[in-house]
J.: 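One structure coming up, written as structure tokens, with questions to follow.
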Amino acid sequence: MEGDVPTVSSVLTELVAEAAERAGHGGVLDEVEPARPASDPRFGDYQSNHAFRLGRALRTNPRAVAEAVRAALAEHPGVASVEVAGPGFLNFRLDDGWIGARLGEMVRDPALFVEQSGAGRTVVIDYSSPNVAKRMHVGHMRSTIIGNTLDRLYRATGWRVVADNHVGDWGTQYGKLIVAWRRWLDREAFEADPLGELERLYVRFGREAEADPALLDEARAETAKLQAGDPENRALWERFRAVSLEEFEAVYERLHVRFDETLGESAYHDELAGTVQALLDLGVAEESEGAVVVKFPADEVEGRRFKGLADTVLVIRKKDGAFLYGTTDLATLEYRRRTWAPDEVVYVTDVRQQLHFKQVFAAWRRWARARGLDPDRPSLVHTWFGMLVLPEGSMSSRKGNVVRLVDLLDEAVRRARAVVDEKSPHLSEAERARIAEAVGVGAVRYADLSQNPQSNVTFDWDRMLALDGNTAPYLLYTHARCRSLLARAAGEGAEVGEAVRIGEPLERELALRLLRFPEAVSLALAHGRPNLLCDQLYETANVFNRFYYEVPVLRAGDAATVASRLALVEAAATVMRRGLELLGIEVLDRM
RNA sequence: GCCCCCGUAGCUCAGUUGGAUAGAGCAACGGCCUUCUAAGCCGUGGGUCCCAGGUUCGAGUCCUGGCGGGGGCGCCA
């Protein structure tokens, strides 16, 4: 729709922008501070703090600026009143009729008014990326879940998304594994639990090699044979890879994660030598101490984004001629550029790789310039998240304290099942199993998503698997309550209204909260922080449950009120459903 | 040594990038089911936002210096 400004925030922001211009402050700032929900209901529904910005720029009293902007505000059907408060806040109170109508329009919009900021644009998202020949553990969870949710948020805002699982399927560990396989394979164990056996072989190799260093030479030789295309080693490697991907896929399916591509490190093996040569030829890289490196002298490092990069070095070819993951990252980026011409490439990894990606991004930009390409396209984003640590410290397969991802999911579902059996014994066995799966897996996803990704998390079973409070089951329950009410309404032949008519304060609060959904989606994506969407859904659920408790729907009395309230309930169900979908949590109609 | 991140209620964490009187969940205590799902709702108690300065109309948020914790830093990923 041409010129349409869908969200409440954008409507009011636009109004303020026009008023500021009319008040003679048009060119003062290039951006208008977005209107936001009021920090306290006493201050109205929404507030604009733009007058402070203007006041600072004009070196005048912000209160006076606010008065001037207020006086210049155009009439708008959505705005019931505007007040200037305190040192220069503009407080808006919205019109009840407009809120109800607006909500009706929002739920009829397939995008729920979510701004389609990515329309016509392509993003490659690189996430999850576990190493082949090992089982996935909880350390892989954050990249997988956060990455997948960003994937969903990008799609919701109109982007074309290429989700790429850049698995670690190449490197020296396969030579070791081949040696170990030939010496110590327990074929029965492999049949029963392929990755378990591969892990055991890998650990055994490490132990044996300590006593007999000659094994390392043997492994190096096998790696070299593999990379030279030796058919026997190649077949073994392919087998390791195949059983791994099969097992990963089972976990992804339970987590509702789906990739468009699984192009691991091995896919770029043949490009690495050429990449290094190109970087040398273009003067992006240089030889140093026998290796090939990209240097970042302090005086060449550009801007705040590259803070901490100064005087560091990225090695892209070792003294012995071998390549490193930085080399692969650059070759991969070049492949992505050629293949999908993305506007943006997002890497979702933990905080430890910050410096690495600053280096890769800076090296890429230099490479792009040297070839006459636009260094800003694709724009490169490293969305990092904090470490997941166990209460007793770091997790390592050597210490044997890893928590496998499937075990976490199984335990979550087991606990959820106990609650379902207790609360809903009347449901069929099959339905209870389905609910337990959705609740358990949803709880795990939500536990991760609902906190700021950049915080470190200490792994805690009880917290991760909590089923009440601010959790996935709470959101699922709220949605199920909505659906239950609507199902009963259908049974009684009650009409669901076209529009919502605001009456009770809780109807108003719920409608306003629902209208914030598209703002929350944009905010979550802009900051790369799914927890902002979680907060919104949690608040929505809380308001709905208070509404549900205090305001009768089916027993409201007159048919018009029943119809209006049912429309509100349906709007709540729609928003909760879409929100849960964006978080990758399977939605339930009953529980 | 240099660089990055963090320090908020007993515990786990939010805090919309500088906005109005700092909020949730858990745990504790008290209340609400003859009415639409009590996996719910309401209430009570709980704070030197690590410390000290600074910037301004306004600082948990920004700058400086400490203290404490985590992570990274040329041939691992």
J.: For B/G74, give its Watson-Crick or G-U wobble partner with both distances under 3.5 Å, or none.
T.: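 Its partner: none found.
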
J.: Between B/G40, B/U37, B/A20, which nucleotide gets closest to the side-chain atoms of A/F43?
T.: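 Nearest to the side-chain atoms of A/F43, counting from C-beta on, is B/A20.
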
J.: Mind checking the CZ-CZ spacing from A/R241 to A/F248? Nearest 0.5 Å is all I need.
T.: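 Separation between the atoms: 10.0 Å.
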
J.: Is the distance between the ring centroids of A/F89 and A/F52 under 6.0 Å?
T.: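 So the answer is yes for these two rings.
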
J.: Would you check if there is a donor-acceptor pair between the side chains of A/T332 and A/D329 at a distance under 3.5 Å?
T.: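 No, no side-chain donor-acceptor contact under 3.5 Å.
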
J.: Using a heavy-atom cut-off of under 4.0 Å over every strand shown, decide if A/N531 touches base, sugar-phosphate, or nothing.
T.: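 Sugar-phosphate only.
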
J.: Among the nucleotides B/A39, B/U12, B/C57, which one has an atom lying closest to any side-chain atom of A/V439?
T.: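 Out of B/A39, B/U12, B/C57, the nucleotide with an atom closest to A/V439's side chain is B/A39.
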
J.: Taking the C1' atom of each, how far is B/A27 from B/G10, in whole Å?
T.: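 Going atom to atom, C1' in each nucleotide, I get 8 Å.
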
J.: Whole-Å distance between B/G25 P and A/Y446 OH?
T.: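 After rounding, the reported distance stands at 11 Å.
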
J.: Between A/R546 and A/E550, does at least one N-O distance fall below 4.0 Å, as a salt bridge requires?
T.: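 No.
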
J.: Would you call the rings of A/Y538 and A/Y474 parallel, tilted or perpendicular if under 30° counts as parallel and over 60° as perpendicular?
T.: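 Tilted, since the angle between the ring planes falls between 30° and 60°.
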
J.: Closer than 4.0 Å, any side-chain N/O of A/R546 to the OP1 or OP2 of B/C42?
T.: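 Looking at the OP1 and OP2 atoms of B/C42, one of them is under 4.0 Å from a side-chain N or O of A/R546.
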
J.: Let's test this: given Watson-Crick or G-U wobble pairing with both distances under 3.5 Å, identify the partner of B/G46.
T.: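 The base-pairing partner of B/G46, which may sit in any strand shown, does not exist here.
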
J.: Looking at B/A20 and A/F89: do their rings stack (centroid distance under 5.5 Å, interplanar angle under 30°)?
T.: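 Per 5.5 Å and 30° rule: yes, stacked.
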
J.: Could you state the atom-to-atom distance from CD of A/E550 to C1' of B/A38 in whole Å?
T.: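 My rounded result for the distance is 15 Å.
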
J.: How is A/R42 classified with respect to the nucleic acid when contacts are heavy atoms under 4.0 Å: base, sugar-phosphate, or nothing?
T.: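 Base contact.
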
J.: Got a sec: does the CD of A/E83 have more than 12 other heavy atoms crowding it under 6.0 Å?
T.: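 No, CD of A/E83 has 12 or fewer neighbouring heavy atoms, counting only those of other groups under 6.0 Å.
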
J.: Heavy atoms from C-beta onward define the side chain here; which of B/A39, B/A38, B/A14 lies closest to that of A/Y548?
T.: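 Per side-chain heavy atoms of A/Y548, the pick is B/A38.
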
J.: Could you check which nucleotide pairs with B/C11 in any of the strands shown, counting Watson-Crick or G-U wobble with both distances under 3.5 Å?
T.: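 Partner of B/C11: B/G25.
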
J.: Looking at A/D350 and A/R142, is any side-chain nitrogen of the basic one under 4.0 Å from a carboxylate oxygen of the acidic one?
T.: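 Salt bridge flag = no for A/D350 with A/R142.
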
J.: So, OP1 or OP2 of B/C36: does either fall under 4.0 Å of a side-chain N or O from A/R565?
T.: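 Looking at the OP1 and OP2 atoms of B/C36, neither is under 4.0 Å from any side-chain N or O of A/R565.
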
J.: Quick one: which of B/G19, B/U37, B/U12 gets closest to the side chain of A/R36?
T.: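 Looking only at side-chain atoms, A/R36 lies closest to B/G19.
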
J.: Measure from CZ on A/R481 to C1' on B/C36 and round the result to the nearest Å.
T.: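 Value for this atom pair: 9 Å.
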
J.: Are any of A/N542's side-chain N or O atoms less than 4.0 Å away from OP1 or OP2 of B/C41?
T.: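 So the side-chain polar atoms of A/N542 do come within 4.0 Å of the phosphate oxygens OP1 or OP2 of B/C41, strictly under.
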
J.: Does A/H527 get its side chain close enough to the base of B/U17, under 3.5 Å, for a donor-acceptor pair?
T.: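 Indeed there is one.
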
J.: Report the distance from atom CG of A/L465 to atom P of B/C26, rounded to the nearest whole Å.
T.: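 So the CG-P distance, A/L465 to B/C26, works out to 16 Å.
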
J.: For B/A24 and B/A14, measure between their P atoms and round to the nearest Å.
T.: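 Between the two P atoms, the distance is 16 Å.
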
J.: Mind calculating the distance between OH (A/Y477) and C1' (B/C36) to the nearest angstrom?
T.: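 Nearest whole value for this atom pair: 11 Å.
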
J.: Heavy-atom nearest nucleotide on RNA chain B for A/D589 versus A/D468: which residue maps closer to 5'?
T.: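 Closest to the 5' end, via its nearest nucleotide, is A/D589.
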
J.: Confirm from the modelled atom types if A/R483 and B/U37 form a donor-acceptor pair under 3.5 Å, side chain to base only.
T.: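 No.
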
J.: Using a cut-off of 4.0 Å on non-hydrogen atoms, how would the nucleic acid contact of A/P552 be classed: base, sugar-phosphate, or nothing?
T.: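 The answer is base, as A/P552 lies within the cut-off (heavy atoms under 4.0 Å) of a base atom.
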
J.: Is the glycosidic angle of B/C33 within 90° of 0, making it syn, or outside that range, making it anti?
T.: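 For B/C33, whose glycosidic angle is within 90° of 0, the conformation is syn.
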
J.: Treating primed atoms plus P, OP1 and OP2 as sugar-phosphate and everything else as base, which nucleotides of nucleotides 72-77 of chain B get B, S or - for protein heavy atoms under 4.0 Å?
T.: SSBBSB

J.: Given that both distances must come in under 3.5 Å, which nucleotide forms a Watson-Crick or G-U wobble pair with B/U55?
T.: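 Answer to the pairing question: none, since B/U55 forms no Watson-Crick or G-U pair.
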
J.: Considering only B/A39, B/C36, B/C41, which nucleotide approaches the side chain of A/L485 most closely?
T.: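 So the side chain of A/L485 is nearest to B/C36.
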
J.: Going by an N to O cut-off under 4.0 Å, is there a salt bridge joining A/E289 and A/K319?
T.: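 Between A/K319 and A/E289 there is no salt bridge, as every charged N stays at least 4.0 Å from the carboxylate O atoms.
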
J.: Using the P atom on both, measure B/C4 against B/C63 and round to a whole Å.
T.: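 That atom pair is separated by 11 Å.
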
J.: Calculate the interatomic distance between A/N545 atom CG and B/C41 atom P; express it in whole Å.
T.: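 Going from A/N545 (CG) to B/C41 (P), I get 5 Å.
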
J.: Both distances below 3.5 Å, Watson-Crick or wobble geometry, any strand: find the nucleotide opposite B/U34.
T.: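 The answer is none; no pair meets the criterion.
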
J.: B/U61 pairs with which nucleotide, Watson-Crick or G-U wobble, both distances below 3.5 Å?
T.: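 Across all strands, not a single nucleotide pairs with B/U61.
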
J.: Once you round it to whole Å, what is the distance between C1' of B/C6 and CE of A/M387?
T.: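 Going from A/M387 (CE) to B/C6 (C1'), I get 14 Å.
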
J.: Select base, sugar-phosphate, or nothing to describe what A/V551 touches, counting heavy atoms under 4.0 Å on all strands.
T.: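 The residue A/V551 makes base contact.
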
J.: Look at the side chain of A/N91 and the base of B/A20, then say whether one donor and one acceptor between them are separated by less than 3.5 Å.
T.: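 Checked by distance alone, the answer is yes.
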
J.: For A/D535 and B/U17, give me the distance from atom CG to atom P, rounded to whole Å.
T.: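 In whole Å, B/U17 P and A/D535 CG are 14 Å from each other.
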
J.: When you measure from the centre of the six-membered ring of A/F323, is the NZ or CZ of A/K318 under 6.0 Å away and within 45° of the axis?
T.: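 Not satisfied by the 6.0 Å and 45° rule.
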
J.: When we call it a touch if two heavy atoms are under 4.0 Å apart, what does A/P87 touch: a base, just sugar-phosphate, or nothing?
T.: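 The residue A/P87 makes base contact.
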
J.: Side chain of A/K423: nearest nucleotide among B/A39, B/U37, B/U17?
T.: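 Ranking B/A39, B/U37, B/U17 by closest atom to the A/K423 side chain puts B/A39 first.
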
J.: Considering only the P atoms, how many Å lie between B/C5 and B/G18, rounded to the nearest integer?
T.: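 Nearest-Å result for B/C5 against B/G18 at atom P: 14 Å.
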
J.: Name the nucleic acid region contacted by A/V351, choosing base, sugar-phosphate or nothing; use a 4.0 angstrom heavy-atom cut-off, strictly under.
T.: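 Answer is nothing: A/V351 stays at 4.0 Å or more from every strand.
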
J.: Could you check which of B/G19, B/C5, B/A14 has an atom nearest any side-chain atom of A/W384?
T.: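 So the side chain of A/W384 is nearest to B/C5.
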
J.: Using the side-chain heavy atoms of A/Y549, tell me which of these nucleotides is nearest: B/C57, B/C41, B/U16.
T.: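 Nucleotide nearest to A/Y549's side chain: B/C41.
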
J.: Step through the shown structure and confirm whether more than 12 heavy atoms of other residues, nucleotides or ligands are within 6.0 Å of CD on A/Q536.
T.: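 Yes, because the 6.0 Å sphere around CD of A/Q536 holds more than 12 heavy atoms from other groups.
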
J.: Between A/Q354 and A/N49, just flag the one whose closest nucleotide in RNA chain B comes earlier from the 5' side.
T.: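 It is A/Q354 whose nearest nucleotide is closer to the 5' end.
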
J.: Should the pair A/R513-A/E509 be classified as a salt bridge under the 4.0 Å nitrogen-to-oxygen rule?
T.: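 So A/R513 does not pair with A/E509 through a salt bridge.
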
J.: Tell me whether the side-chain N/O atoms of A/Y538 come closer than 4.0 Å to OP1 or OP2 in B/A24.
T.: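 False: A/Y538 side-chain N/O out of range (4.0 Å or more) of B/A24 OP1/OP2.
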
J.: Using a 4.0 Å heavy-atom cut-off, does A/A520 contact any base of the nucleic acid, only the sugar-phosphate backbone, or nothing at all?
T.: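 No contact.
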
J.: Mind telling me if B/U16 is syn or anti? Syn here is a glycosidic angle within 90° of 0.
T.: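 Here B/U16 takes the anti form, which means its glycosidic angle is more than 90° from 0.
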
J.: Taking the side chain of A/F52 as heavy atoms from C-beta outward, which of B/U35, B/C42, B/C57 is closest to it?
T.: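 From the listed options, B/C57 comes nearest.
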
J.: Using the P atom in both, what is the distance from B/C3 to B/G66, to the nearest Å?
T.: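 Between the two P atoms, the distance is 12 Å.
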
J.: Remember a base hit wins even if backbone is also touched, and classify A/V292 as base, sugar-phosphate or nothing at under 4.0 Å, heavy atoms.
T.: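 Nothing: the residue A/V292, judged by heavy atoms under 4.0 Å, touches no strand.
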
J.: Enumerate donor-acceptor pairs with a distance under 3.5 Å from any side-chain N or O in residues 453-460 of chain A to protein atoms, sequence neighbours excluded.
T.:
unit_1: A/N456; atom_1: OD1; unit_2: A/M387; atom_2: N; d: 2.7
unit_1: A/D460; atom_1: OD1; unit_2: A/D462; atom_2: N; d: 2.8
unit_1: A/D460; atom_1: OD1; unit_2: A/R463; atom_2: N; d: 3.0

J.: It should be established whether A/S450 places a side-chain nitrogen or oxygen under 4.0 Å from OP1 or OP2 of nucleotide B/G25.
T.: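 For B/G25, OP1/OP2 do not have a side-chain N/O of A/S450 under 4.0 Å.
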
J.: What's the gap between B/G60 and B/G47 when it is taken at their C1' atoms, as a whole Å value?
T.: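 Nearest-Å result for B/G60 against B/G47 at atom C1': 12 Å.
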
